[in-house]
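Take a look at the structure set out below.
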Amino acid sequence: MADFMQQAVSAAAATAPDWLRDIQSRGRAAWQQTPMPTRKTEAWKYTSLEALKQPFAPGSRNVTATDVSDIRFPALGGPTLVFADGQFRADLSSLELPAGISLVRFEDASAEQAALISAQLGTAVLPHRHVFAALNDATLADGVFLQVDAGITVEAPIQIVWLTSGQSGAISMNQRLLVSLQANSQATVVETFANATTGGTPFTNGITELLVGRGARLNHYRLHLEQGNAVHIGGVHARLDQDSLLNGFHIALGSALKRIDVVVDHQGSGGHCELDGIYLPRDREIVDYHTCIEHSVPHCSSRERFRGIIADEATAIFNGRIHIHPQAQKTRAELSNKNLLTSNKAEVNTKPELEIYADDVQCAHGATVAQLDPSTLYYLRTRGISKEEAEVMLSYGFINELVEAIAEPGLQDYLKPLLARRFSRDSRLTRHLL
Amino acid sequence: MLKIDNLHARVESQAILKGLNLNIKAGEIHAIMGPNGSGKSTLGHVLAGRPGYTVSAGSVTFQGQDLLALETEERAHLGVFLSFQYPVEIPGVSNMEFLKASVDSIRERRGEPAIDSVSFMKQAREACKNVDLDISFLKRGVNEGFSGGEKKRNELMQMMLLQPKLAIMDETDSGLDIDALQVVANGINAMRSPDRSFILVTHYQRLLSFIEPDFVHVLSGGRIVKSGDKSLALELEERGYGWLEDVA
Ligand SMILES: Nc1ncnc2c1ncn2[C@@H]1O[C@H](COP(=O)(O)OP(=O)(O)O)[C@@H](O)[C@H]1O
Ligand SMILES: [Mg+2]
């Protein structure tokens, strides 16, 4: 275990508000019992934690608004909480809340809210399975709590934005979001992680818990826009109650290392989950998505589509587990993972992992790895389109379906040009994409 | 316009074209017929510049230029167009985006600015109407899930938008019912002009009863083994290819 982690754990034990102590000490226990993953750990076989060997300092409180003013994130007009280098920034946030929701930082929680948080926090995560979730528990000092009251529909997307300035060298940040949708409520939550391109090495441990109540509908977006040296290890852990719906969308641009675990646990029958994801590592970047859908009860369905484009000497890992428990009859589960390698040195390790213990289920899965199809490139070129532009069009076309499926129009408008630029910095090659 | 001289070409290591000669003047329509596997599509791809198709001997001159020295897209910029026998499906790239990208690329080489979206939409809708394709096809992925006939009409639409100098139509009539065949024939006839030439690869004389060719050639074993006027097509329809001495 790295020294900086040990220090963070000790420091947190000294400072947490009383009501967070229970979960902290639970986290500490799990953290101490769980060995740090190595390449011999099955779930970390292809993902080296070498990047965590250097020392990381805690986030600085001295970041100014200008330090982060160049970092872009979607402007969607709803309530927005912005953090910079781990610190909440009231000056960058907009906190006008519609009726029927609570949106509060743990630090500012009222006694009543603190009770709600302690009752729910950690209920969607299994820390002994996810050592970085245990670390997140153990170092928990602050976080964001969002609750939508029963029957309330929130139209405006609620945004949580985590920025890192690159001013403070290597810093480590613990980030936590707890979303609780009460029965029959509806909301859209957009999480964005982004950093300044001017250097710095942020290590973020971001854990999100989504509790989707009976009949509730949650659209959840998690945008990993961090680039450069950024390391992010974390995940999203969702618990779905009866007849609820979770629409999840994930995107990860590459950086030094990203490892995201997405766990969806169907705990009430009639639940449905859609999970879309895009990962785009290039240079020598690493992106690792481990997803797991737990079908613990009958009559639930899930559809998962992840697409990756891996360029240069980058590496992607996709592991899609579907676990259908013995009592989960009438489950319908679909998983598709498609990968496009745009260079001979790009690498992907994809593995669908099906564990099916019920007999009356429909389950389909597939994973593909391909390169740009020469006859398709040729066809485009016979129409006068240059090879370079054809490659950009085909790369964008590979993920387009998932981008078009994004329900939040402002987010589509934000992501399209960002993705286009990702495939080419030459605007002449991207002019036909948008 | 196009002069092919003693053309030898290989696909992978297999020799397919073995000394092909063909001379096409501006405004002419040449029909090429011939048994399956004789090299008709190969000829189209060699002219269009398909990677992997190597020319081992001979020359092709297009409007005074050495066509074989040019990249695939450069040939398109000069006005060479190949309507594919098997058009490629491209999920994720909309037909509209594809068409605009190709029109703009060709305009750019002529020193013209990119076409504005409104005028382009208008042209594209008009082109759809001309080939009897619903405009909803503009929004779909290129050829994605199109029927055989729809793909062929999509090829024809591209030809109309790109206004080539030399259009090579590879079995654009195959698999079409009589109404669709009429649409294709009308489209080609409408595009006929003194400075545009066509190569029509076809198996059927029926297309040639709608489009009157200036010459009919029989391609067999990688060479033109017989040339004639439109009456040759009728004769082939009646007698097949067997009576031709050189048919492989
Ligand atoms: N990609 C390829 N690789 C190897 N041989 C090919 C390829 N494409 C075509 N051929 C061969 O080339 C010959 C000519 O094919 P083609 O030009 O398609 O004939 P046609 O269009 O006259 O039916 C055939 O024997 C065919 O099998
Ligand atoms: Mg053919």
Side-chain angles (χ1 to χ4, degrees), chain A residues 276 278 280 305-309 336 338-340 342 366 368 370-406 412 415-417 419-420 422-424 426-434, chain B residues 44-45 47-53 70-84 86-110 114-115 117 120 139 141-144 151 154-155 157-159 161-164 168 170:
Chain A
D276 283 353
I278 296 172
L280 305 165
R305 305 181 293 185
F306 270 70
R307 305 250 195 289
I309 302 179
S336 130
K338 294 186 185 170
N339 297 281
L340 178 66
T342 60
T368 61
Q371 295 191 312
L372 288 175
D373 175 33
S375 39
T376 309
L377 275 173
Y378 165 61
Y379 186 65
L380 292 171
R381 294 175 73 196
T382 63
R383 298 325 187 222
I385 301 168
S386 72
K387 183 160 177 283
E388 293 73 25
E389 183 171 5
E391 285 173 355
V392 170
M393 287 172 75
L394 293 179
S395 297
Y396 189 82
F398 192 75
I399 55 165
N400 194 18
E401 188 188 356
L402 302 192
V403 179
E404 295 286 338
I406 292 176
Q412 245 191 56
L415 285 175
K416 282 181 172 176
L419 291 168
R422 188 75 182 173
F423 295 123
S424 174
D426 181 350
S427 62
R428 290 194 341 223
L429 300 183
T430 58
R431 63 190 163 160
H432 293 107
L433 300 181
L434 310 170
Chain B
H45 288 308
L47 296 178
R50 181 168 201 144
Y53 284 52
L70 302 175
E71 295 290 342
T72 310
E73 53 268 41
E74 292 172 330
R75 301 183 195 195
H77 298 154
L78 284 185
V80 175
F81 178 88
L82 171 64
S83 170
F84 281 49
Y86 303 110
V88 178
E89 297 199 19
I90 317 179
V93 176
S94 82
N95 218 4
M96 191 72 184
E97 171 191 345
F98 163 66
L99 293 169
K100 187 162 190 313
S102 51
V103 167
D104 281 345
S105 303
I106 287 169
R107 288 172 66 100
E108 191 175 21
R109 290 316 148 109
R110 290 197 208 122
I115 187 167
S117 303
F120 180 71
K139 288 201 176 146
V142 178
N143 294 319
E144 187 185 5
K151 283 179 182 163
N154 204 33
E155 295 291 285
M157 170 162 73
Q158 292 165 46
M159 196 260 284
L161 282 171
L162 299 181
Q163 301 271 318
I168 305 151
D170 192 357

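Labels below follow one simple rule: chain letters A, B, ... track the order of the sequence lines, proteins then strands, and each chain is numbered from 1. Scope of the values below: all heavy atoms of this structure, side chains included, with no hydrogens, waters or symmetry mates.
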Do B:S105 and A:E389 pass the side chain to side chain contact (heavy atoms under 4.5 Å, CB included) test, and can you show the C-alpha distance, the side-chain angles, and the key distance before you say yes or no?
CA-CA 10 Å; B:S105 303; A:E389 183 171 5; 4.2 Å; yes

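Taking OG of B:S102 as the reference point, atom CZ of B:R107 lies at 12.0 Å (rounded to 0.5 Å).
Here the closest heavy-atom approach between residue B:P51 and residue A:R381 is recorded as CG-NH1, 4.2 Å.
Heavy atoms of B:S117 lying under 4.5 Å from chain A are absent altogether. If you measure heavy-atom distances from B:E97 to chain A, the contacts under 4.5 Å come from both the backbone and the side chain. Proximity to chain A (any heavy atom under 4.5 Å) is shown, for B:V103, by neither the backbone nor the side chain. For chain A, the nearby parts of B:L82 are the backbone and the side chain; heavy atoms of each come within less than 4.5 Å. Interface residue B:E108: only side-chain heavy atoms are found under 4.5 Å from chain A.
Atom NZ of B:K100 has more than 12 heavy atoms from other residues, nucleotides or ligands within 6.0 Å.
Every residue two or more places apart in sequence or in another chain was checked for a side-chain hydrogen bond (donor to acceptor under 3.5 Å, both in side chains) with B:R75, and none qualifies. B:E144 meets the salt bridge (Lys or Arg N to Asp or Glu O under 4.0 Å) test with no other residue; sequence neighbours excluded. Checked against ring pair (Phe, Tyr, Trp, His ring centres under 6.0 Å), A:F306 has the following partners two or more places apart in sequence or in another chain: A:Y289, A:F318.
Among the candidates B:I106, B:L162, B:D104, the residue making the largest number of heavy-atom pairs closer than 4.5 Å to chain A is B:D104. Here B:A101 is the residue among B:P164, B:A101, B:G49 with the most heavy-atom pairs under 4.5 Å with chain A. Contacts with chain B were tallied for A:R428, A:M393, A:E404; A:M393 has the most, counting heavy-atom pairs under 4.5 Å.
At least one donor-acceptor pair under 3.5 Å links the side chain of A:R422 to the backbone N or O of A:L280. Under a 3.5 Å cut-off, the side chain of B:E155 and the backbone N or O of B:F84 do form a donor-acceptor pair. Using modelled atom types, one side-chain atom of A:N339 and one backbone atom of A:T368 make a donor-acceptor pair closer than 3.5 Å.
For a heavy-atom cut-off of 4.5 Å, chain B lies close to A:S375, A:T376, A:Y378, A:Y379, A:L380 in residues 370-380 of chain A.
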